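Remember, predicted model here, so these are calculated numbers, not experimental data. FYI, side chains are in, hydrogens and waters are out, and symmetry mates aren't considered; it's all heavy atoms of this structure. For the single chain, residues carry numbers from 1 onward in sequence order.
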Amino acid sequence: MIIEPQSDYLLLTEILPGTEESGIIIPEYADIERTLPGKVEAKGPAVTMAVNDGDLVLFKRHLFDEVVYNRQKYLFGKESNVLAILRDN
């Protein structure tokens with residue numbers, strides 16, 4: 001079974017403080033209620049952003065809903081709550 005977001009929703013996994021992903025190190029004092037990086041796991045068919053599965057984004061954590069599926073924590077939220085796409089130079 002897989003999770004397929006609908007409409008303009010994104011499915012993300014949170015990058016926790018202290019973890020590295022594409023050269024980004026999150027300080028441990030990062031406020032989890034603010035803007036954080038996450039990894040795009042899937043996107044709904046109405047998402048108009050130029051994001052792909054595996055891309056890193058900055059998102060507003062408090063506007064995403066947490067879901068646990070197969071013991072993995074995911075975050076669902078609208079694409080309008082993503083502030084930026086993080087790309088390598």
Side-chain angles (χ1 to χ4, degrees):
M1 230 192 234
I2 61 171
I3 300 174
E4 292 183 8
Q6 299 299 300
S7 188
D8 62 343
Y9 280 87
L10 292 169
L11 179 68
L12 305 179
T13 51
E14 189 174 14
I15 299 175
L16 298 173
T19 59
E20 258 184 78
E21 183 89 18
S22 295
I24 297 171
I25 299 175
I26 314 307
E28 291 195 27
Y29 56 83
D31 184 352
I32 63 169
E33 296 301 321
R34 304 236 172 192
T35 302
L36 284 178
K39 181 179 175 184
V40 176
E41 299 295 334
K43 64 181 183 176
V47 171
T48 58
M49 292 176 65
V51 297
N52 297 308
D53 294 359
D55 283 351
L56 298 180
V57 295
L58 289 177
F59 67 99
K60 297 177 183 178
R61 174 64 175 91
H62 65 284
L63 296 175
F64 275 65
D65 295 317
E66 188 174 304
V67 174
V68 177
Y69 179 74
N70 283 341
R71 297 185 181 144
Q72 171 71 40
K73 183 169 69 170
Y74 296 99
L75 299 165
F76 269 107
K78 291 195 171 271
E79 75 174 304
S80 60
N81 295 321
V82 171
L83 303 175
I85 301 170
L86 303 173
R87 303 232 192 259
D88 290 331
N89 292 341

Hey, is the main chain of M49 close enough, under 3.5 Å, to the side chain of E79 for a donor-acceptor pair?
-> yes
If you take all heavy atoms of P5 and P45, which pair is closest and at what distance?
-> O-CD, 3.6 Å
In terms of heavy-atom contacts, I85 and A50 come closest through CD1-O, 3.6 Å
Kindly indicate whether the side chain of I2, heavy atoms from C-beta on, has any atom under 4.5 Å from the side chain of Y69.
-> no
Kindly indicate whether the side chain of E4, heavy atoms from C-beta on, has any atom under 4.5 Å from the side chain of L11.
-> no
Quick one: pull up NZ in K78 and CG in D8 and give me the separation to the nearest 0.5 Å.
-> 4.0 Å
Once you round to the nearest 0.5 Å, how far does CZ of R61 lie from CG of L12?
-> 10.0 Å
The side chain to side chain contact (heavy atoms under 4.5 Å, CB included) partner of F59 among L83, L10, N81, L75 is L75
Give the ring-plane orientation class for Y9 versus F76, where under 30° counts as parallel, over 60° as perpendicular and anything between as tilted.
-> perpendicular
CG of D55 to NZ of K39, rounded to nearest 0.5 Å, is 10.0 Å
